[in-house]
Structures are given as C-alpha cells and as structure tokens.
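Take a look at the structure below.
Source: prediction; values computed, not measured.
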Amino acid sequence: PVKVQKIVCIGAGYVGGPTCAVIAQKCPDIVVTIVDLNEARINAWNDEEYRLPIYEPGLVDVVRSCRGKNLFFSTDVDKGIQEADLIFVSVNTPTKKSGVGAGFAADLNYVELATRRIAAVATSNKIVVEKSTVPCRTAESMRTILEANAKPNCRFDILSNPEFLAEGTAINDLHKPDRVLIGSLQSAEGLDACQALSSVYAHWVPRERILTVGLWSSELSKLAANAMLAQRISSINALSAICEATGANIDEVANAVGYDSRIGPKFLKASVGFGGSCFQKDILNLVYLSESLHLPEIATYWRQVVEMNEHQKSRFAKRVVDTLFNTITNKRITVLGFAFKADTGDTRESAAITLIRDFMKEKANISLYDPQVEEAQIWQDLAEASPNLSLENIKKQVKICSSSLEACKDAEAVVIATEWKEFKQIDWEMVYQGMNKPAFVFDGRLLVDEDKLTKIGFKVITIGRGSL
Ligand code: NAI
C-alpha cells in the first residue's frame, strides 16, 4: 500500500475541521491541508487570535499545536487536490429542499461537485475517502464520475470512512474513538487503499478498533448508528409522555431500564426532543432509501422516530401554554439555551427554534439567552422558522439577553431548552425575585433540582414527571 504523506480535506466544517486537525496533531509525518470554498470560514480557521469558526471544547489547543507546521487551511481547493495522495470529502449533505425526494433524500450536489473537481484537476493517483454521511452506494456514483473524467495515468481508489464524532465532545471522540470504520471494495487495490488509511489512524487508534468492511456496509452503518441512537431518544421520550400521565418518573424508569446490561445506561435521557444536523437528516435519508428499495414498511418504521420527535417538541410547547392558564399572549417567556445541545454553538434543527416559533404564534414575548450562539445566527434561524413574519416583527417579540438573570427578569415562565452546565449554577433565589408570580420553570432537560426550586416558591414542570 502507498504510504500517505499528504492529505487534503475538502470541507472545513464541523467534521472536516476537527477530524483533520486531530489527524495532523497525531501524525506529525503527514502534511494536512483543509480546504473550503467559503473564504470567511477559512479566514476564521487561520485567525491569529484563534477565533475559530466553530466552538468545540479542546479544539483550539489542537489547532494551536500544529497550524503552520503540518496543518494548513486554504481556499485553494485545486492545489490541495493536486498535492495530496489521500483526499477526504467532508462537504455538507443536507436534506433536499426541492425536486425528487424533497424533504427526505440527501442533497448530493456538494459531494458530486467536489468529486468532479477532483477528477478535473488531479494529475496523479489518489485515494478518495467519503467522510460525509451519504446514502448507501454513493461511492459507486463517485467512482463512475472519477473514472469517466480521469486523466490517462490517474487511478482513483474510493473508500468510505464515516465519522462518528458527536459535536460538543468531538475532540475526545476523535482522540479515543469507539471505532474507526473503513469500507473498501474487496479487490486487491481496494484492500491496499484501506490499509493506507488504516495506517494513518493506527498512529493513535488501537488496531482492534479499526474495523475494515465492504463499502456498502460502511455507508449503511453510519445511517444505522444514527437511526438507532435517535430511536433510543424517541423511545425514552415516548415513555416520558406516559410518565407525565401516570405519575411515574422518567429518570427512575430510565435508570431502572438502563441497569439491564443488554440495554445499558447511556443515551436514555428524556428531553424536549433531539436536534442537530444529523439525526433527522440521516433517518429521513434511510426512509428515502427504504422507499426507493420498495420497502415501505421499513420506511414507515423509521419515519416514526422523527414523527415522535416532532410530537415531543409540540407536546412540550403545548404544556407550557396549558399550564400558564391556557394563554401566553403578551406574557414574557424566557428561553434558556438556543444551541441544539450543550458545548456547541451549532443550532441546526435545535428544539429551541421550534419552541420559540410556537411561542411567537401564541403572541408571547420571548427573552432568550445562550452562552455560545451568535446573535446573527439566532435571527437567521428564527426568520427561517417563521417565513411569514418579517425580521422586524420577530425582533419586536424576541429579545436576546446577555445572561440568564437578565433573560429571566419580569418573566412569567422560564423554559430550559439546552443543558448548558452554567444553567445548573443559576442563582434561582435571585431569578425568583425578578419574576412575576406565580413563577414557573419548565425543565426540558431534566436539569434543575425540583425540590430546591419548589421550596423557593417556583412551580416546576419537568419532562417525564406528572404536573403539580
Ligand atoms: P458543514 O456544513 O459544517 O461543512 C461542510 C463544508 O463544506 C462547508 O464549509 C462548505 O463550504 C464546504 N464545501 C461544500 N462544497 C464544497 C466544495 N465543492 N469544495 C470545497 N468546500 C466545499 O457540514 P458538517 O457538519 O461538517 O458535515 C459534513 C458531513 O459530515 C455531512 O455529510 C454530515 O452529515 C456528516 N457528519 C456530520 C456530523 C456533525 O456532527 N456535524 C457528524 C458526523 C457526520
């Protein structure tokens, strides 16, 4: 197998950036260049003060340790491709917004454009690695495009190497992955390419955690992992509704269930619903794949995981309205947290967006605080969620605050939407002083100490627990 000396990563986003920065950190003998068409993003990766384009604990230290040595960020995609012997394709694959499969299928336009670029400018053999999450058999399309457009002496070997990192813990996940998965054709050339990429990861990942499989299994495993993770959350959230109606407590149920070694304790926390750019997109992708394969029952099964998640969000918003005496018109509602989960600034598909949209429909006034998300991002997300409202009108209803305390002032109710650690340290006595009475706290993340808040005087409503 070739010894990989130069890597280029196309796409400097949440996946390409951290993944290839860690490869550079762990492989001082390999030169890693991360390229992107988005100049602002590349400039931020090159920022002198290390104000990087994405927030991820520990990421700055990794970039600091190797940027300018064997890690480079550039907008020169063509040069990156020409110099590399291994190319990661880590571009976005959002859900299609129009055309065939709209609302379900993955939009593979970015993958295809990147692939065509590789074919157009490469002048030597390349190992091309699909890092983006893609539907099963995308590698086949990539190979067809590459081979049809290749220069005479260029060979392309295609690998699938899906990324399993979770935002918020990306660096830790990359340093100590549960597994690295590499899919290849089972031909001699395919297996050689697979060995070349394995040797990169073997710089720091134990060999027994590097799994090598066929291309299609690798592609499908990524969709399968996300579908099963999301299904666990939808299952516990479905049970949370039963808890609320019966007086059972979802934390106690999850704990009891999780003690079963076949089930295990992780990822069993009820919440206001999952968000993030991946779970919903990847399940819908699986639904579309099932339908295209004429497997309608399978499609229905997986679609229900997403429907349950939508139900959980609207159920929670309705509970807020019901509890506040069936109207929140002109009432001030505080929303704490806007990111889709703690320790990230990412807001894609965040439950907070849906909640705020629903509260706006009820004509409430909203005060909002998040420790990481930029103001411009919040306005963009809220405007997209309510296309019939002008930004000017949205700004009349929503106020962005710079602390929890400020956001809670004069509110009727506080809604916890993201599990940021700093929300555990809120001075609830102070918050209580500043709020209208009765003062309600709606805990969408099982985060507050219900007894303590009740003693202060709050009326606390928690996901998966019966009402007062
Ligand atoms: P992202 O949107 O943050 O980054 C993608 C980047 O690719 C953008 O900066 C875009 O400008 C760039 N790009 C698109 N086309 C290009 C081209 N032709 N040439 C150069 N640059 C180009 O997306 P993110 O979150 O990094 O996701 C990338 C892929 O990884 C997706 O398929 C996603 O499903 C998958 N994934 C995401 C995870 C996450 O936690 N965000 C986790 C695991 C997989």
ask   = Does Phe458 have any ring pair (Phe, Tyr, Trp, His ring centres under 6.0 Å) partners at least two apart in sequence or in another chain, and if so, which?
value =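 By the ring pair (Phe, Tyr, Trp, His ring centres under 6.0 Å) rule, Phe458 matches Trp428, Tyr432.
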Grab the two heavy atoms, one from [X] and one from [Y], that are nearest each other, plus how far apart they are.
X      : Y      : result
Ser218 : Asn161 : OG-N, 4.4 Å
Ile353 : Ala385 : CG2-CB, 3.6 Å
Val431 : Cys408 : CG1-CB, 3.7 Å
Val91  : Ala114 : CG1-CB, 4.3 Å
Lys341 : Ala166 : NZ-CB, 3.8 Å
Glu56  : Gly168 : OE2-N, 2.6 Å

task = For the residue pair Gln377 and Asp381, confirm or rule out a side-chain donor-acceptor distance under 3.5 Å.
result =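 Present: a donor and an acceptor within the cut-off.
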Within the side chain of [X], is there an N or O that forms a donor-acceptor pair under 3.5 Å with the backbone of [Y]?
X      : Y      : answer
Thr327 : Thr329 : yes
Ser403 : Glu406 : yes
Thr347 : Ser350 : no
Glu244 : Gly464 : yes
Trp216 : Ala139 : no
Arg445 : Ala417 : yes
Asn70  : Cys27  : yes
Glu163 : Val15  : no
Ser386 : Ala383 : no
Thr75  : Glu39  : no

key: Among Ile7, Leu159, Thr212, side chain to side chain contact (heavy atoms under 4.5 Å, CB included) partner for Leu197   =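 In the set Ile7, Leu159, Thr212, the residue that makes a side chain to side chain contact (heavy atoms under 4.5 Å, CB included) with Leu197 is Leu159.
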Salt-bridged, [X] to [Y], with N to O below 4.0 Å?
X      : Y      : result
Glu419 : Lys269 : no
Glu130 : Lys222 : no
Arg465 : Asp251 : yes

Answer yes or no: is there a side-chain heavy-atom contact under 4.5 Å between [X] and [Y]?
X      : Y      : result
Arg209 : Pro177 : no
Ser240 : Gln312 : yes
Glu374 : Tyr55  : no
Leu220 : Leu286 : yes
Thr19  : Ser90  : no
Val134 : Glu219 : yes
Ile283 : Asn226 : no
Ile263 : Leu268 : yes

Distance from [X] atom [atom1] to [Y] atom [atom2], nearest 0.5 Å?
X      : Y      : atom1 : atom2 : result
Tyr110 : Thr93  : OH    : OG1   : 10.5 Å
Asn285 : Lys96  : CG    : NZ    : 11.5 Å
Phe274 : Asn309 : CZ    : CG    : 3.5 Å
Leu336 : Phe338 : CG    : CZ    : 13.0 Å
Asp451 : Ile456 : CG    : CD1   : 11.5 Å
Ile426 : Leu447 : CD1   : CG    : 7.5 Å

inquiry  = Can you tell me if Lys421 has over 12 outside heavy atoms packed within less than 6.0 Å of its NZ?
reply    =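 No, the 6.0 Å shell around NZ holds no more than 12 heavy atoms from other groups.
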ask   = Does a sphere of radius 6.0 Å around CD in Glu208 hold more than 12 heavy atoms from other residues, nucleotides or ligands, not counting ones at 6.0 Å or beyond?
value =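 Yes - once you tally the heavy atoms of other residues, nucleotides and ligands closer than 6.0 Å, there are more than 12.
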Passing option when Arg303 is tested against Glu297, Glu291, Glu310 for salt bridge (Lys or Arg N to Asp or Glu O under 4.0 Å) =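 With Arg303 as partner, Glu297, Glu291, Glu310 yield a single salt bridge (Lys or Arg N to Asp or Glu O under 4.0 Å), made by Glu291.
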request  = Evaluate the side-chain contact (heavy atoms from CB on, under 4.5 Å) criterion for residues Arg319 and Thr323: first the C-alpha distance (whole Å), next the side-chain angles of each, then the deciding distance (0.1 Å), finally the verdict.
outcome  = CA-CA 6 Å; Arg319 200 169 175 207; Thr323 310; 4.1 Å; yes
inquiry  = Classify the ring geometry of Phe73 against Trp45: parallel below 30°, tilted from 30° to 60°, perpendicular beyond 60°.
reply    =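 Ring orientation of Phe73 relative to Trp45: parallel.
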ask   = Which word best sums up how the rings of Phe442 and Phe440 line up, parallel for under 30°, tilted for 30 to 60°, or perpendicular for over 60°?
value =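 Correct class here is parallel.
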request  = Apply side-chain contact (heavy atoms from CB on, under 4.5 Å) to the pair Asn92 and Asp107, showing each step before the final yes or no.
outcome  = CA-CA 9 Å; Asn92 35 330; Asp107 184 346; over 6 Å; no
side-chain contact (heavy atoms from CB on, under 4.5 Å) between Val8 and Phe72, worked out = CA-CA 9 Å; Val8 72; Phe72 302 92; over 6 Å; no
